Structures are given as structure tokens and as C-alpha cells.
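In what follows, a structure is listed as C-alpha cells, so that the remarks can point back to it.
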There are 2 protein chains.
Amino acid sequence: MQFRPIHTRRAFEEICERIREQLALGVLKPGDKLPAERDLAQRLGVSRNVLREALRSLEMAGVLRLQKGVKGGAFIREGDTSRMNDVMRDMLSLGTISVRELSEARVHVLDLVVRLACANARAVDLDALEANVERTELATREGRLLDRLECSREFYKLLAAATGNKVIAMIMDSVTEIHMRFVYAKVASSGVAMARLAEKRRRFVAALRERNVSSATRLMRTHLESVQRMLEQDPGAMSLQVALAEVQPGIRR
Amino acid sequence: MQFRPIHTRRAFEEICERIREQLALGVLKPGDKLPAERDLAQRLGVSRNVLREALRSLEMAGVLRLQKGVKGGAFIREGDTSRMNDVMRDMLSLGTISVRELSEARVHVLDLVVRLACANARAVDLDALEANVERTELATREGRLLDRLECSREFYKLLAAATGNKVIAMIMDSVTEIHMRFVYAKVASSGVAMARLAEKRRRFVAALRERNVSSATRLMRTHLESVQRMLEQDPGAMSLQVALAEVQPGIRR
DNA sequence: TCCATTGAATGGGTGATCCATTTAATAATT
DNA sequence: AATTATTAAATGGATCACCCATTCAATGGA
């Protein structure tokens, strides 16, 4: 016989739960506004401070957006797919997952993403990818390394979107975000950069357009391997701390 | 020229960020205790209420664990891999992702997981899976359907763990959790149950043990298909609301 | 030695109060 | 009449001063 620990429910948990319940039941929908803090607190029979703790938590969870001023209030947000990135970052900071595990997962997820994108990419997705490659090429010619990096970030987002599955895309983004930080730190510190990036991208997108799964997956795999080699190149292994410590999770916009 | 919206930083955000920074830098580690609320608030130059908003958010994010009483305080947790589940649930509640996308993602992720488990499962993992199949068989014989469901949940967790990659495992769990809710709702309401489950599991684990990737993936795929058929079977499509509205995200333990 | 009591430290929670921002209504100006 | 200041109200942001319930080490009595 085993006893599970008693969980003393606290007011703010109850509140979060009720609001999430309304959400799950469809009573509350994105765009809806909750009653004003003073009002809602009274209705729930709790102090305004406690209610605010709950609202804060929901805001951090990406469920609410709080806006000041008359006509302001707590609004239900469209789901913020970037919350998963924050979870990943916290797990890494806490040492629950390792960089190795994350890199490995990224390789596998990317393989899946490429196969799905091959199968499902629409014309607009492919066009967007090609436009991205153009920008990458331009940034390369003009020596704007950091801009090119931004292009890379965007490239993977576009590729994720091309799968046509937002869950897969979300997962992909979460395993890519940290990786891009490492690349960024590397580029910013050593000025080293991937050779013939735009060219490789162009061939990859062409393979996608031909729905050539084996070619696309092979191109991506070899690219990932060369990036990995670049990252592991000499000047002092990029530290986890450097990559993580910059911008932290929070509320965007 | 474009202007990005100014983001008025609020005190609690600053606090969350500072603490996460300490975490990323390794100054704070799991098990460490933050100063008492009254003390920390004074040191940060904010009111205790605001500090509490920040601590709450970090608690909900799975970073902290708050404990009452003398010798209590805010402790840095081991990473809580279940936070990703909550994100997934919120995205679903908010309509950002659909059940269809989640199911599809699950099929693909499971395929990956099976392949990785085939490659990496250690003896202990396989033993745990076999023990789980035993329990499943027993529960089936004794007609304990809900217990058998609990076995299923555990089965997928063990399978995820067998990949040897906690990132993959976390992803797998997050796409499985909601799915299990649907199955649960189905079983609880209609009493219908998957036929020959234990037997199928037994054959699957045997394939894993033989490192027979094609056999294992095939067995899993056909099983998923039959589960899908069962879920779509008559009595009123399981509603998203029913599946989601029960227990909500929160702090465990 | 053991058990009950006590008290201090901690998080949980309240209520009153003020500030800064935002917006709409109103007044003043051109 | 149109435009521009001004004002006032509502909202979230933040502070302060309390009080309560829980926990646990220290104390003291049986």
C-alpha cells in the first residue's frame, strides 16, 4: 500500500485551473477578455494579490496577455508556440537534459521534418524557402554574417511550417532554438562561417520541390554533420552558459 | 523602417530573468534554496507581493518548488519534464493546434521512438517493458480495464525512456498524454477495449529485444491504426472538451 | 529517555492605498 | 467646424502592513 503525498491546494492554483477549465470547455476563447482584476477577485472571493499571482502564471504560460489602461485587461491569447522553447531552455539550464541529447534529438526531428516537408510542402512554402535562400545568398555576398544567421533561423522555421503540422513545427522550433544560439555564439566570437551555405540550401530546396525524399534527407544530414564539425572546431568549446545566458524566456509583444 | 513594440519591463519579469540567468550560469543548481521571500524582496528592492508573482511563475514553469514552514523556502527543482505536456494541452485548448495534428505528430514521433528504442534499449529497459506487459496481461485477465489503461500509459513512458534520450522522451510524453485522455474517456464511457493488447505488446517487445526495427515499427504502426479505429467507433466522437477538461496543469508533488 | 510544548521562521493570504498608462469624453483653441 | 489640449475614469503595476497555518528545532517536563 502506498500513499501519494497530499497536495494542499492553494488559491492561485484553483484560479488557474478554473480559467483553464473555461478554456478547455470553450467558454473562453482567444480574444476574450477576463473581468477586471478587482472585479474578478471579488467574484472568486480572493484578494487581488492572489488573483494577480494566478494571472501572472497564466501570462507566463502564454495563455493570457495583460494590457494596461482603460479598455485594458486580461485577454486570452492565441496560443504562443514558443513556450515549448522556454521549457527546453529551462530543462537545459537545470541540467535535466544535455546538449548532446538535444543535438541528437534535433538530427532525428529534422530528418522527420524533411520527410514531411517533402510530402506536404505547398507551393507557397517552397516559394518562401527559395526567397529565403535568395536573402541568404545576398547576405553572404555582402559579408553580413549575422544577417545570414538570421536567415538560417528563418529557414528552419519555414521548413518546419512546410510540414503542414503545427505540432511538429513547434517541436522542431524548440530543438532548433538552442542550437541556433550555439551557432550564433560561434559566429559572433570566431567569425567562422559555413562555406557554400546558400548553394547547399538551393540544392536542398530543389530536392524538396522534386519531392525527392532520399536526396533531401541526405543533403540535410550531410549539412548537419558539417555544422557539427564547425561547432566543435578549436577555439574553446562553446559553453552552455554563454549560449543560454543571453535573452531569457518571457512575454513577447 | 519598422518599429518593434516597446516592451515595458515589469518588476516580476526582471526577477524571473535574473533567477533564470543565475540558473543558466550555474550559480544556482537543483536543490539550492533561494533566500526567504521577505529577505529576497528587500535585496531586490521590490515588494514581497511582486517577488511572489515572480516565484509563482517560476514555480508554474517547473523551475522552483515552494515549501512552507521553518526550513521551508524556494528550492530549485530538478527539471520537470512534464511541463511540455502542459504546453501541448494549452495549445490544444486555445485551438492553436488540432487533435488531428497531434495524432499525426504522435504517429511520426512514435515511429522515431521505436527505431531509437530498437537501437538503444538496454536490458533494464526491455525488462521493465516486459514486466509492464505482465501487468497488462494480469489486468486484462482480471477485467481491470482502467488499470490496464494505466499500464498503457506506463508502457509508452518506458518505451520513451528506452530511447536513451530525454529530449525525445519528453516530446513523446507530451504527444502521448492527451492521446491517453481520449482513450481513457472512451474506455470509461463505453467500456470498449482493445483486443489482444497484451499479446500484441509481447510480440512488440520481443521484436525490440531482437533489434528488429522493421518488425517493431510495423507492429506499432498497425497497433496505432487499430487504436485509431477504436476511438473513431460510433458512440459520439469523443469531444475535445471531455478529454481536456478533467485535471488541469499544475504543480505535482 | 521520551514525549509534549513552545516559539520562531516560513510561505499563504488579505485589504487598503497609491502610481502610471491608456482611452474617451470634454473643453479650449484656431 | 475642425483640431488640439485637458480632464477624468478605469485599468494593471506596485507597495505596505498585517494576519494565518504550517513546519520544525529547541525547550522542558514526566
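A, B, ... follow the sequence lines: proteins, then strands. Residue 1 opens every chain. Remember, predicted model here, so these are calculated numbers, not experimental data.
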Rounded to the nearest angstrom, tell me the gap between atom [atom1] in [X] and atom [atom2] in [N].
X: B:Arg10; N: D:dT11; atom1: CZ; atom2: C1'; answer: 13 Å
X: A:Leu66; N: D:dA14; atom1: CG; atom2: P; answer: 11 Å
X: A:Phe75; N: C:dT22; atom1: CZ; atom2: P; answer: 13 Å
X: A:Gln42; N: C:dG15; atom1: CD; atom2: C1'; answer: 12 Å
X: A:Arg9; N: D:dT22; atom1: CZ; atom2: C1'; answer: 18 Å
X: B:Gln67; N: D:dA21; atom1: CD; atom2: C1'; answer: 15 Å
X: A:Leu44; N: C:dG15; atom1: CG; atom2: C1'; answer: 17 Å
X: B:Phe12; N: D:dT15; atom1: CZ; atom2: C1'; answer: 17 Å

Ignoring hydrogens and geometry beyond distance, is a side-chain donor-acceptor pair present between [X] and [Y] at under 3.5 Å?
X: A:Arg20; Y: A:Gln22; result: no
X: B:Glu177; Y: B:Asn85; result: no
X: A:Glu101; Y: B:Asn165; result: no

Side chain proximity check, B:Val63 to B:Asp80, heavy atoms < 4.5 angstrom: no
Within-4.5 Å side-chain heavy-atom neighbours: A:Arg148 and A:Val187: no
Given [options], identify the nucleotide with an atom nearest to the side chain of [X].
X: B:Ala11; options: C:dG12, D:dA25, D:dA14; result: D:dA14
X: B:Asn49; options: C:dG11, C:dT14, D:dG12; result: C:dT14
X: B:Val50; options: D:dA14, C:dG11, C:dT21; result: D:dA14

Residues touching DNA chain C, which here means a heavy atom under 4.0 Å, drawn from residues 33-41 of chain B: B:Ala36, B:Glu37, B:Arg38
Given DNA chain D, 5'-ward residue of the pair B:Gly72 and B:Val46, judged by closest heavy atom: B:Val46
Verdict with supporting geometry, A:Met60 and B:Met60, side chain to side chain contact (heavy atoms under 4.5 Å, CB included): CA-CA 9 Å; A:Met60 284 306 249; B:Met60 283 307 246; over 6 Å; no
Cation-aromatic face contact A:Arg106/A:Tyr156, 6.0 Å, 45 degrees: yes
B/S/- contact track for nucleotides 3-8 of chain C, protein heavy atom under 4.0 Å: ------
A:Arg56 side-chain N/O to D:dA14 phosphate OP1/OP2 under 4.0 Å: yes
Other residues, nucleotides, ligands: >12 heavy atoms within 6.0 Å of A:Lys33 NZ: yes
Residue closer to the 5' end of DNA chain C, A:Lys71 versus A:Glu53 (nearest nucleotide): A:Glu53
Base of C:dG13 paired with side chain of A:Arg48 (donor-acceptor, under 3.5 Å): no
Residue pair A:Leu129, A:Phe155: steps toward the side chain to side chain contact (heavy atoms under 4.5 Å, CB included) verdict: CA-CA 7 Å; A:Leu129 282 166; A:Phe155 176 82; 3.7 Å; yes
Residue pair A:Leu28, A:Leu34: steps toward the side chain to side chain contact (heavy atoms under 4.5 Å, CB included) verdict: CA-CA 9 Å; A:Leu28 287 174; A:Leu34 296 184; 3.7 Å; yes
